[in-house]
Protein chains: 2
Amino acid sequence: MQDHDNLTENDCKMTVRIKDVARAAGVSVATVSRALGDGPVSDELRKKVEAAVAATGYLPNLSARRLRSQHSHTIGLIVSDIRNPFFTAVSRAVEDAAYAVGMRVILCNTDENPQKEAMYLRLMQEERVTGVIFAPTRATAQKLDPQQLGFPVVLIDRAAPPGHADAVVLDNAEAASLLVEHLLAQGYRRIGGLFGNTSTTGAERHAGVVAAMQRHGLQAEARFIAPTPEAAEQAVRDWLREPAQPEALIASNGLVLLGMLRGARAAGVSIPAQLALAGFDNDNWTELAGPGLTVIEQPVYDIGRTAMKMLLERLEDPARSARKVVLSGRLIARGSTAHNLAADAGPDGAGR
Amino acid sequence: MQDHDNLTENDCKMTVRIKDVARAAGVSVATVSRALGDGPVSDELRKKVEAAVAATGYLPNLSARRLRSQHSHTIGLIVSDIRNPFFTAVSRAVEDAAYAVGMRVILCNTDENPQKEAMYLRLMQEERVTGVIFAPTRATAQKLDPQQLGFPVVLIDRAAPPGHADAVVLDNAEAASLLVEHLLAQGYRRIGGLFGNTSTTGAERHAGVVAAMQRHGLQAEARFIAPTPEAAEQAVRDWLREPAQPEALIASNGLVLLGMLRGARAAGVSIPAQLALAGFDNDNWTELAGPGLTVIEQPVYDIGRTAMKMLLERLEDPARSARKVVLSGRLIARGSTAHNLAADAGPDGAGR
DNA sequence: AGGTGTTGTGTAATCGATTTCAATGCCATC
DNA sequence: GATGGCATTGAAATCGATTACACAACACCT
């Protein structure tokens with residue numbers, strides 16, 4: 001009398017397949033598939049199918065679906081380090097936008113390592129992803145050929161040679177110029193900078209600083225480092241031990257700025273009285289550290305959202321020529337660059 | 001004369017299947033599959049297959065592989081917000097550990113929203129993930145039944161009722177006690193706290209504070225808020241406008257601590273002269289903000305790594321009873337709780 | 001010699017869905 | 001009443017891999 005088939009007992013340990021739903025609903029598997037998707041199915045059968053799905057606890061197998069339909073509904077997001085608040089913010093924007101159009105996101109960290117980049121790009125191919133949003137190192141950006149990859153790529157934060165790939169980046173020259181002009185207006189002249197040595201972004205921001213300084217007949221001393229707080233801290237400690245001291249330092253991103261501040265603290269210099277600090281990325285903490293740090297705020301959420309939008313547009317029209325969207329940064333002046341009229345301030349300048 | 005089959009032309013637009021590799025190597029598809037995996041294949045044929053793979057540019061289709069093998073080699077990581085540095089650090093640890101054993105990670109943000117949690121758990125089932133690492137809200141933690149889900153779950157940061165699921169958490173009572181004892185030793189008596197209202201963690205840290213205070217015959221005033229900087233800032237601004245003012249405030253996580261500091265700044269109170277601040281999570285910036293913030297440092301990387309290890313152990317032995325690993329936090333005392341002997345210090349206390 | 005493993009290989013079944021294709025029923029039209 | 005078109009439906013092919021099974025070749029024992 002008891003049924004020995006895997007029928008009604010709703011949460012048995014066996015996984016329930018579309019075939020089981022079809023049997024429970026008294027229809028064919030094709031009808032179930034169509035009812036779950038958007039195929040033409042009569043209201044009557046659709047209701048039956050929905051009831052059967054609920055009764056059996058059916059959950060589609062995405063691997064099977066992807067294999068047959070040849071659509072992964074997945075995009076890859078390859079960044080250098082998710083611990084950098086810039087990338088966490090961008091990734092939230094990308095994820096929100098992706099899930100809104102029914103796509104999943106695979107997130108990968110490369111640690112600025114070209115080998116890891118190659119590995120993850122290969123993984124993306126094996127996953128047959130719909131597209132990829134990618135912040136490449138300089139080395140990879142140069143030899144990247146999106147045609148070869150089999151899926152569209154949108155670069156973020158860092159651009160490739162023009163015409164190669166879609167990209168959404170900051171206007172680094174303009175932003176660097178904003179920082180330099182601000183520092184000059186505050187009376188600083190001997191301006192130095194610490195720039196990441198792995199990306200085009202570090203190079204572009206450096207170029208922007210040099211160009212802005214040149215317009216005033218000045219020179220900037222630049223040093224190139226691994227874009228980590230640790231490297232930046234060490235570089236600043238070394239720098240401040242040398243005879244010729246800068247009046248102001250510019251950091252090419254938020255992590256470098258963090259290390260810079262640590263280095264300055266360790267060296268015992270007070271900010272801004274003895275040394276001004278400024279940099280990129282309006283990370284949460286920059287407002288609260290010391291006298292507040294002067295930064296360029298990037299439209300982080302916009303960058304992620306725009307990248308996703310460009311990816312979708314590219315999917316619609318694979319033939320269109322590559323576009324580069326350039327967004328503007330905003331200068332947020334704070335206490336770390338407050339004045340260079342040394343000795344007119346209180347003993348520390350940390351008040352406010 | 002020219003071959004019209006999809007043979008040699010190595011990067012043709014058609015995707016190359018295992019069948020093509022087999023033909024190119026002059027062997028069966030089974031042999032190719034075995035050569036790529038770990039099956040028994042003679043050295044001679046293995047070499048031929050490798051050559052054919054290189055020549056054709058073959059890339060396995062992971063969907064097909066997963067469908068047939070019934071192994072997704074994927075784990076889900078469900079956190080409340082990747083913008084919280086605690087979770088970014090944990091996620092890096094999880095990813096590193098996962099990729100080291102050949103597993104991929106799907107990362108999801110729930111925004112402390114039970115509906116999103118349910119949605120992502122369902123997604124995990126559809127993906128047929130190997131397992132999940134999950135930081136649930138209190139609501140979900142209580143009704144969660146890992147048996148029902150079809151894959152093992154390891155909870156992080158927040159535990160479920162005992163025996164329900166594996167978990168790796170901080171010793172919240174101990175950590176809260178460390179904070180309270182430190183504040184008392186510094187001379188603070190009227191201690192308040194802001195705790196997240198969505199997780200068991202907020203509740204446990206609150207309970208720990210209350211217990212520690214009681215041991216000294218004191219009471220703590222607690223307020224419960226959404227665990228975001230915005231909510232914390234507003235709560236502190238409101239609090240500081242009331243007649244009865246606290247001497248010290250404790251924040252139940254890094255984001256709340258951030259908002260707390262903003263609120264205190266906005267209210268114009270100086271730290272620690274007028275108000276001491278302390279909290280959880282040794283986020284990068286806490287060392288650099290104001291006089292430095294006293295915090296409990298969590299072993300973030302360890303938490304992620306341990307969670308992954310427990311997940312793997314659970315996969316090996318699904319029958320073992322649930323374990324809860326409790327890790328200890330470390331007190332890092334900084335200037336934000338420096339003294340309560342008001343007026344004996346300099347005008348600001350920000351020096352050091 | 002004759003059985004018994006062992007190793008390496010190919011054929012074909014299989015994973016669980018989507019999609020093609022043919023068939024059906026119904027209605028409007030000539 | 002025959003015909004054509006349209007909307008639904010089911011049977012079977014298909015996606016691209018892994019793996020069960022059969023089998024051949026060869027070594028190793030009594």
Side-chain angles (χ1 to χ4, degrees), chain A residues 6 12 14-50 52-53 56-74 102 104 123 125-130 150, chain B residues 6 12 14-50 52-53 56-74 102 104 123 125-130 150:
Chain A
N6 52 357
C12 181
M14 261 314 291
T15 137
V16 24
R17 306 174 298 286
I18 198 174
K19 190 197 304 183
D20 305 312
V21 177
R23 197 177 330 155
V27 299
S28 72
V29 293
T31 299
V32 176
S33 175
R34 282 190 277 253
L36 264 42
D38 51 0
V41 177
S42 65
D43 282 354
E44 185 199 7
L45 288 195
R46 170 157 295 166
K47 280 220 181 62
K48 271 196 196 170
V49 169
E50 277 162 11
V53 165
T56 56
Y58 169 72
L59 289 164
N61 181 317
L62 292 186
S63 291
R65 178 175 286 179
R66 287 200 268 257
L67 171 60
R68 177 59 237 230
S69 71
Q70 304 283 61
H71 287 104
S72 65
H73 290 291
T74 299
R104 263 161 294 292
L123 173 63
Q125 296 183 289
E126 298 187 350
E127 291 276 5
R128 304 293 194 267
V129 295
T130 308
Chain B
N6 51 357
C12 183
M14 262 312 290
T15 137
V16 26
R17 306 173 300 285
I18 199 173
K19 190 196 305 183
D20 305 313
V21 177
R23 196 178 330 155
V27 299
S28 73
V29 292
T31 299
V32 176
S33 176
R34 282 191 278 253
L36 264 42
D38 51 0
V41 177
S42 66
D43 283 354
E44 187 199 7
L45 288 195
R46 170 157 290 158
K47 280 219 180 64
K48 271 195 194 170
V49 169
E50 277 163 11
V53 165
T56 56
Y58 169 73
L59 289 165
N61 182 317
L62 293 186
S63 291
R65 177 175 288 178
R66 288 200 267 257
L67 171 60
R68 175 60 235 233
S69 70
Q70 303 284 59
H71 288 105
S72 66
H73 291 291
T74 299
R104 264 160 294 291
L123 174 63
Q125 296 183 291
E126 298 187 349
E127 291 276 6
R128 304 295 194 267
V129 294
T130 308

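Below, chain A is the first sequence line, B the second, and so on; all start at residue 1.
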_Trace of the salt bridge (Lys or Arg N to Asp or Glu O under 4.0 Å) decision for Asp43(B) with Arg46(B)_ = CA-CA 5 Å; Asp43(B) 283 354; Arg46(B) 170 157 290 158; 5.1 Å; no

*salt bridge (Lys or Arg N to Asp or Glu O under 4.0 Å) assessment of Arg65(A) paired with Glu126(B)*: CA-CA 10 Å; Arg65(A) 178 175 286 179; Glu126(B) 298 187 349; 5.4 Å; no

*Please determine if a side-chain N or O atom of Gln70(A) lies less than 4.0 Å away from the OP1 or OP2 oxygen of dG16(D).*
yes

*Under 4.0 Å: is that the gap between some side-chain N or O of Tyr58(A) and OP1 or OP2 of dG16(C)?*
no

*Looking at every strand, decide which applies to Leu62(B) at a 4.0 Å heavy-atom threshold: base, sugar-phosphate, or nothing.*
nothing

_Mind checking if Arg34(A) touches a base, just sugar-phosphate, or nothing, with heavy atoms under 4.0 Å?_
base

*Assign each of Thr31(B) and Ser63(B) to its nearest nucleotide of DNA chain D by heavy atoms, then name whichever residue's nucleotide is nearer the 5' end.*
Ser63(B)

*Using modelled atom types only, decide if a donor and an acceptor are shared between the side chain of Ser72(A) and the backbone of Arg128(A) within a distance under 3.5 Å.*
yes

Atom [atom1] of [X] to atom [atom2] of [N]: distance rounded to whole Å?
X: Leu67(A); N: dT18(D); atom1: CG; atom2: P; answer: 12 Å
X: His71(A); N: dG16(D); atom1: NE2; atom2: P; answer: 13 Å
X: Arg68(A); N: dA13(D); atom1: CZ; atom2: C1'; answer: 8 Å

*If you find the nucleotide of DNA chain C closest to Ala64(B) and the one closest to Ser42(B), which residue's nucleotide is nearer the 5' end?*
Ser42(B)

*Hey, which of these two, Leu36(A) or Ser69(B), hits DNA chain C nearer its 5' end, going by closest nucleotide?*
Ser69(B)

*Do you know which of Val27(B), Val41(B), Leu45(B) makes side-chain contact (heavy atoms from CB on, under 4.5 Å) with Val32(B)?*
Val27(B)

